[in-house]
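As the structure lists them, so they are numbered: ligands from 1, and atoms in each ligand from 1.
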Amino acid sequence: MNIYPENFRWSLPMKNNLNVNIDKNFNWEIIQKELRNQFGNEIYESWLKKIIFEEKFTNYILVSVSTRFIRDWIVSRYLDQILGTIKKFNKEIVRVEFKIENKLDIEKKDTFNNLDTNISFIKDSFLQYNRIDQNKSFENFVIGESNKLAFEASKKVSENISHYNPFYLYSGVGMGKTHLLNAIGLKLKEDKKVTFISAERFMYQFVKSIKANEMVKFKDNFRNTEVLIIDDIQFMNGKEAMQEEFFHTFNSLIDKGSQVILSADRPPNKLIKIQERIKSRFSGGLVVDIQSPEYELRLKILKTKVDELNILYSEKLKLSEETLKFISNEIRNSIRELVGALNRVASFSRIYNRIPNLNEIKIILKDLLSINETNITIDNIQTLVCKYFKISKNEMLSSRRSRYLVRPRQVAIYLSKILTTKSLPEIGREFSNRDHTTVIHSVKTVEKLKNDNNEISNGINYLKNQILYKKENEI
Ligand code: ADP
Ligand code: MG
């Protein structure tokens, strides 16, 4: 009998629950940054960021992720390269071990990691500087109620330089600020000298220039630009001297009619560690925000991204309307997360050569979904369907063929097929050992009924929601 709690381990040092490394020679944050640089933001955000460092052993490290699917995907696609990166910093590591950990505090760790990353990024960041992303233009920016104003303002700025000066765009993370800034940069780059830089990089350049005695070059560099775009200005919390320099650069640019464009995660007056006079200059131009994306916009973005993927890849991704609606409904907070979710579903389809069903999608996106963990079982489905049709479970599982029993049985079989990962014979077995051909017949019948009969179709949608969202008590 195991007398120790499940996670008990002998003689290990107490682990710091903030995921800070105990081994001074091993720095996961540096490795993460390097991974971000190597794989690019999209892959990093969708997959690698979720890897949580647990412990370092003599020649291997232990990391955790929240689901098996994420582990398998990372292992099959990226592990070699990840190990290569780790080896660059720690030669002795020859292996990475994964465990699946679904702790509630993973979220907390994530937040901590984020904060930490943001702060220390400056040190040795390879953040792209003046590298405008060709793929983020006005043309592929999808517009909805929540971002229409920001989009229109950005267009105006790109058409009418120095009319709205500075232009200050703010929103929470992953809402499209960098995309819009890029779009402006792309447009203006056609005939203007554009400098596009993150605030972190600005500070980094600044400090580097001081050290190298190259302040003149630094100043010239920035003061000669016709359009200065600084992304994520909230990270500009440098020393007085730096703010001083920034303030002068900023003023001289505006005075000579250059356009200054800024983004941040909050309005100017809420910025911290930034001098009042700078904040007040930020507020002096056009200040616009992007609001949380509404359902329609989320759905439209998903559809656009599916179309984009289908141009890129020969195997077409054919997601049902239902799947797209499910994802749009579930992932509400950030467009980056929404796009990341879609990428995961697309990855799944590519490895397994088929579209995941809703239950599988729930597993794939588990860590992004707000709904409670529901373990969808056939038994559960039968119970809910019986309640809905007001029949007993015995009746449903009996061999009687009265019409009032056949229909609910078929619906339950259909829902078991689309909402679980069970095979046809497995489903048959749970319905009193019915043959798998009966299962196929039921699925086909219900699919047809759904198309022809509104009442049935509504009933099924209702049941599906009950099952997915566990709202039994509302029945
Ligand atoms: P932020 O800078 O606000 O954190 P980003 O501009 O980096 O957000 O956007 C996150 C991701 O979502 C990017 O891949 C971006 O291209 C995409 N995205 C955001 N808004 C839109 C939109 N309206 N249409 C299409 N893609 C969008
Ligand atoms: Mg951004």
Once rounded to the nearest 0.5 Å, what's the spacing between atom CD of E200 and atom CD1 of I230?
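Answer for the CD-CD1 pair, E200 versus I230, is 12.0 Å.
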
Measure from atom 7 (O) of ligand 1 to every heavy atom in E337, R336, K177 and give the option owning the shortest one.
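Of the listed residues, R336 has the closest heavy atom.
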
Could you find the nearest protein heavy atom to [atom] and give me its residue, atom name and distance?
| atom | value |
| --- | --- |
| atom 15 (C) of ligand 1 | H179 ND1, 3.4 Å |
| atom 25 (C) of ligand 1 | N140 O, 3.4 Å |
| atom 24 (N) of ligand 1 | V142 N, 2.8 Å |
| atom 18 (N) of ligand 1 | I335 CG2, 3.4 Å |
| atom 14 (O) of ligand 1 | E42 OE2, 3.3 Å |
| atom 26 (N) of ligand 1 | K305 NZ, 3.4 Å |
| atom 2 (O) of ligand 1 | T178 OG1, 2.7 Å |

Please determine if [X] has a nitrogen or oxygen closer than 3.5 Å to a nitrogen or oxygen of ligand 1.
| X | result |
| --- | --- |
| G176 | yes |
| G174 | yes |
| M175 | yes |
| F141 | no |

Filter on salt bridge (charged side-chain N to carboxylate O under 4.0 Å, His left out), then keep only pairs touching residues 202-227, sequence neighbours left out; what's left?
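Counting only pairs at least two positions apart or across chains, the salt bridge (charged side-chain N to carboxylate O under 4.0 Å, His left out) contacts touching residues 202-227 are E214-K217, K219-E245, R223-E245.
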
Have a look at F202 and tell me which of F218, F196, F250 forms a ring pair (Phe, Tyr, Trp, His ring centres under 6.0 Å) with it.
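Filter result, single survivor: F218.
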
Counterpart residues, salt bridge (charged side-chain N to carboxylate O under 4.0 Å, His left out), relative to E321 (two or more places apart):
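Testing E321 for salt bridge (charged side-chain N to carboxylate O under 4.0 Å, His left out), a comparison that skips the adjacent residues, returns K303.
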
Per the side chain to side chain donor-acceptor pair (under 3.5 Å) rule, what does the pair list look like for residues 263-274, sequence neighbours excluded?
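Checked against side chain to side chain donor-acceptor pair (under 3.5 Å) - neighbours excluded - the pairs reaching residues 263-274 are D231-S263.
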
Around atom NZ of K148, are there more than 12 heavy atoms of other residues, nucleotides or ligands at under 6.0 Å?
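Result for NZ/K148: open.
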
Neighbour count above 12 (heavy atom, 6.0 Å) for D191 CG
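It does: D191 CG has more than 12 such atoms within range.
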
Ligand 1 versus N147, non-hydrogen atoms closer than 4.0 Å: side chain, backbone, both, neither?
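The part of N147 near ligand 1 is the side chain, not the backbone.
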
Indicate yes or no: at least one non-hydrogen side-chain atom of [X] is less than 4.5 angstrom from one of [Y].
| X | Y | value |
| --- | --- | --- |
| V142 | L297 | yes |
| L228 | T225 | yes |
| T195 | V227 | no |
| P268 | Y168 | yes |
| F348 | I363 | no |

Going through the distances and angles, do Q291 and E145 end up as a side chain to side chain donor-acceptor pair (under 3.5 Å)?
CA-CA 9 Å; Q291 310 209 323; E145 278 306 311; over 6 Å; no

What atoms of ligand 1 come within less than 4.0 Å of a heavy atom belonging to V173?
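Under 4.0 Å from V173, ligand 1 has these atoms: 4 (O).
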
Return all protein N, O or S atoms below 2.8 Å from the Mg ion (ligand 2), chain by chain in residue order.
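Protein N/O/S atoms under 2.8 Å of the Mg ion (ligand 2): T178 OG1.
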
